[in-house]
*Asks:* 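Before I ask anything, let me first share the structure, which is written out below as structure tokens.
Numbered from 1 within each chain, the chains take letters A, B, ... in sequence-line order. Since we're looking at a predicted model, the values are computed, not measured.
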Amino acid sequence: MPELPEVEATRRSFADAIAGARILSVSLGKPLRWPLGCAPQDLVGRRVLQVRRRGKYLLLELSQGLLLLHLGMSGSLRFAPQAPGLPAAGAHEHFDLVTSQGTLRLHDPRRFGAVVAVSGEDDPRARKLLDGLGMEPLDPASFTWARFAAGLQARRAPIKTVLLAGKLVVGVGNIYASEVLFLSRIHPATPACDISTVKARRLFTAIGQVMAQAVELGGTTLRDFSNALGVNGHFQHTAQVYGRAGQACHACSQPIQLLRQGQRSSYYCPRCQKTP
DNA sequence: CATGTTACCTGGTCGC
DNA sequence: TGCGACCAGGTAACAT
């Protein structure tokens, strides 16, 4: 479910409301992808200072240590301001952070998500997850044309794979990868190093613009994504190719093609997106 | 080292 | 209505 825009839309939806809150209790459901790494009671009494994001991870900065939160494939958060606010945890709700300002709850049917408590960003467990992440596409100081162009030059894997890997740029998942490649008119199977300078430049621009626009629209709600306040995203109405196999390209009316790369599907227009 | 494949887990959808 | 096959927004660990 959640690519960078969904994670960022989620962050924005509860960050201010939870800032300064004291942790009153923590409860866990079924195991997530990784163990929390400490006893839930150990978190009680700490304060949530702020909520940041790195790639698809949310970083809850505590008065002591850090909580790393990943939504995996099917995760979503809900923040209920007042005291009772939320009903008892359901079958797919595996983490509750009860604070003096409301409860933050993780809903994640497939449990590919995780909540990990670490001492800080230098903690080995944090470094294992965060080191090696690519540039932040919403941060101009991080996401530069020079670094992007050099990164493409250095890889011969298909551009779709390079984008999904997140080592060059973070946050571009399966939906947005198809979208940005369509906007820059690049075939998803093109080896990254073979992309012309003109198209690479268009891709660089498209990534920045699409990510920013998708955040503004609250992300993409295909099935059940909503932000921490329960509000759905709207980017899906703007999508040009994702999920549109067989339907007419909005630019040239050629049918959109589905391509399998690894176990992931890419959608592209065979006329607009020729190889190099 | 770079790249490709598998595994994790549940639920929805589709064809028979 | 039931059942199996396949698909789904991610990514670490492994194999090549």
Side-chain angles (χ1 to χ4, degrees), chain A residues 1-10 29-35 37 53-58 68-77 90-95 106-116 124-134 150-181 188-194 210-211 214-215 217-227 232-239 241-246 258-267:
Chain A
M1 159 223 284
E3 304 181 33
L4 183 148
E6 290 72 43
V7 176
E8 177 62 15
T10 298
K30 290 187 185 177
L32 294 164
R33 178 155 196 190
W34 299 299
R53 180 188 55 74
R54 175 72 178 102
K56 295 170 189 167
Y57 289 90
L58 286 177
L68 302 182
L69 221 143
H70 197 288
L71 300 178
M73 205 71 151
S74 59
S76 60
L77 289 176
H92 301 306
E93 291 156 353
H94 306 300
F95 178 81
L106 173 64
H107 177 268
D108 186 7
R110 293 177 72 180
R111 294 188 281 126
F112 290 167
V115 184
V116 178
R125 298 230 300 158
R127 296 197 55 167
K128 188 164 184 184
L129 299 174
L130 302 178
D131 281 8
L133 291 184
L152 291 184
Q153 277 305 310
R155 291 161 226 252
R156 57 178 69 193
I159 181 60
K160 168 72 184 311
T161 307
V162 170
L163 292 176
L164 280 191
K167 306 265 181 201
L168 182 57
V169 195
V170 291
V172 181
N174 211 39
I175 297 175
Y176 299 107
S178 284
E179 295 303 316
V180 297
L181 289 173
T190 311
C193 57
D194 291 349
V210 167
M211 290 288 130
V215 171
L217 292 174
T220 298
T221 298
L222 292 182
R223 175 165 288 153
D224 54 5
F225 169 78
S226 57
N227 69 23
N232 287 173
H234 301 290
F235 183 86
Q236 64 275 18
H237 307 304
T238 306
V241 290
Y242 185 82
R244 298 191 62 244
L258 171 61
L259 171 69
R260 285 247 149 222
Q261 296 175 288
Q263 331 297 20
R264 317 305 301 276
S265 42
S266 295
Y267 299 86

*Asks:* Considering only side-chain heavy atoms of A:Gln263, which listed nucleotide, C:dG9, B:dT5, B:dT3, is closest?
*Replies:* B:dT5
*Asks:* Distance check needed: B:dA7 P versus A:Arg111 CZ, whole Å only.
*Replies:*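 That distance rounds to 18 Å.
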*Asks:* Report the C-alpha distance between A:Leu258 and A:Tyr267 in whole Å, list the side-chain angles of each, state the deciding distance to 0.1 Å, and finish with yes or no for side-chain contact (heavy atoms from CB on, under 4.5 Å).
*Replies:* CA-CA 5 Å; A:Leu258 171 61; A:Tyr267 299 86; 3.8 Å; yes
*Asks:* Start with the C-alpha distance between A:Arg111 and A:Lys30, add both sets of side-chain angles, then the distance that settles side-chain contact (heavy atoms from CB on, under 4.5 Å), and finish with yes or no.
*Replies:* CA-CA 8 Å; A:Arg111 294 188 281 126; A:Lys30 290 187 185 177; 3.7 Å; yes
*Asks:* Suppose you measure atom P in B:dC9 against the same atom in C:dC3; what distance do you get, rounded to whole Å?
*Replies:*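 These two P atoms come out 23 Å apart once rounded.
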*Asks:* Among C:dT11, C:dA8, B:dT10, which is the nearest nucleotide to the side chain of A:Arg33?
*Replies:*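 The listed nucleotide nearest to A:Arg33's side chain is C:dT11.
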*Asks:* Of the candidate nucleotides C:dA12, C:dG10, B:dT3, which contains the atom at the shortest distance from the side chain of A:Trp34?
*Replies:* C:dA12
*Asks:* Side chain of A:Tyr267 only, heavy atoms from C-beta on: which candidate in C:dG10, B:dT3, C:dA8 is closest?
*Replies:*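 Closest nucleotide to the A:Tyr267 side chain: C:dA8.
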*Asks:* On the 0 to 90° scale, with breaks at 30° and 60°, tag the A:His94-A:His92 ring pair as parallel, tilted or perpendicular.
*Replies:* perpendicular
*Asks:* Using whole Å, what does the distance between atom P of nucleotide C:dA12 and atom NE2 of A:His70 come to?
*Replies:*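 So the NE2-P distance, A:His70 to C:dA12, works out to 8 Å.
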*Asks:* Test for a donor-acceptor pair under 3.5 Å between the base of C:dA8 and the side chain of A:Arg110, counting only N and O atoms.
*Replies:* yes
*Asks:* Checking contacts here: which listed nucleotide (C:dG9, B:dG11, B:dC9) is nearest the side-chain heavy atoms of A:Asp224?
*Replies:* C:dG9
*Asks:* Give the C-alpha distance, both sets of side-chain angles, the deciding distance and a yes or no for side-chain contact (heavy atoms from CB on, under 4.5 Å) between A:Arg125 and A:Leu68.
*Replies:* CA-CA 10 Å; A:Arg125 298 230 300 158; A:Leu68 302 182; over 6 Å; no
*Asks:* Work out how far the P atom of C:dT11 is from that of B:dC1, and round it to whole angstrom.
*Replies:* 22 Å
*Asks:* Give A:Phe235 one of three labels, base, sugar-phosphate or nothing, depending on what nucleic acid heavy atoms sit under 4.0 Å from its own.
*Replies:*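 No contact.
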*Asks:* Which whole-number value in Å describes the distance from A:Leu32 CG to C:dT11 P?
*Replies:*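 From A:Leu32 CG to C:dT11 P: 15 Å.
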*Asks:* Side chain of A:Lys128 only, heavy atoms from C-beta on: which candidate in C:dA13, C:dT11, C:dG9 is closest?
*Replies:*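 Nearest nucleotide to the side chain: C:dA13.
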*Asks:* Would you mind reading off the distance between A:Leu164 atom CG and B:dT5 atom C1', rounded to a whole angstrom?
*Replies:*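 It works out to 15 Å between those atoms.
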*Asks:* Under 5.5 Å centre to centre and under 30° between planes: does that hold for A:Phe112 and the six-membered base ring of C:dT11?
*Replies:* no
*Asks:* So which nucleotide does C:dG9 pair with, by the Watson-Crick or G-U wobble rule with both distances under 3.5 Å?
*Replies:*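 Paired with C:dG9, as far as the under-3.5 Å criterion goes, is no nucleotide at all.
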*Asks:* Let me know the distance between NZ of A:Lys167 and P of C:dA12, rounded to the nearest Å.
*Replies:*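 It is 6 Å, rounded to the nearest whole Å.
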*Asks:* Rounded to whole Å, how long is the line connecting atom CG of A:Leu4 with atom P of C:dT11?
*Replies:*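 Interatomic distance, CG of A:Leu4 to P of C:dT11: 10 Å.
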*Asks:* Checking side-chain contact (heavy atoms from CB on, under 4.5 Å) for the pair A:Lys56/A:Leu71: CA distance, chi angles, key distance, verdict?
*Replies:* CA-CA 8 Å; A:Lys56 295 170 189 167; A:Leu71 300 178; over 6 Å; no
*Asks:* Specify the separation, in whole Å, of atom CG of A:Leu258 and atom C1' of C:dA8.
*Replies:* 13 Å
*Asks:* Using a cut-off of 4.0 Å on non-hydrogen atoms, how would the nucleic acid contact of A:Arg264 be classed: base, sugar-phosphate, or nothing?
*Replies:* base
*Asks:* Quick one: A:Lys56 NZ to C:dG9 C1', roughly how many Å, whole number?
*Replies:*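 These atoms are roughly 8 Å apart.
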*Asks:* Within the distance-only criterion (no hydrogens, no angle test), does the side chain of A:Arg53 pair as donor or acceptor with the backbone N or O of A:Gly55 below 3.5 angstrom?
*Replies:*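 Flag set: sc A:Arg53 to bb A:Gly55 pair under 3.5 Å.
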*Asks:* Of A:Arg223 and A:Arg155, whose closest DNA chain B nucleotide lies nearer the 5' terminus?
*Replies:* A:Arg155
*Asks:* Under 4.0 Å from OP1 or OP2 of C:dG10: is there any side-chain N or O of A:Tyr57 that close?
*Replies:* no
*Asks:* Applying a 4.0 Å non-hydrogen cut-off, can you work out what A:Gly173 is touching in the nucleic acid: base, sugar-phosphate, or nothing?
*Replies:* sugar-phosphate
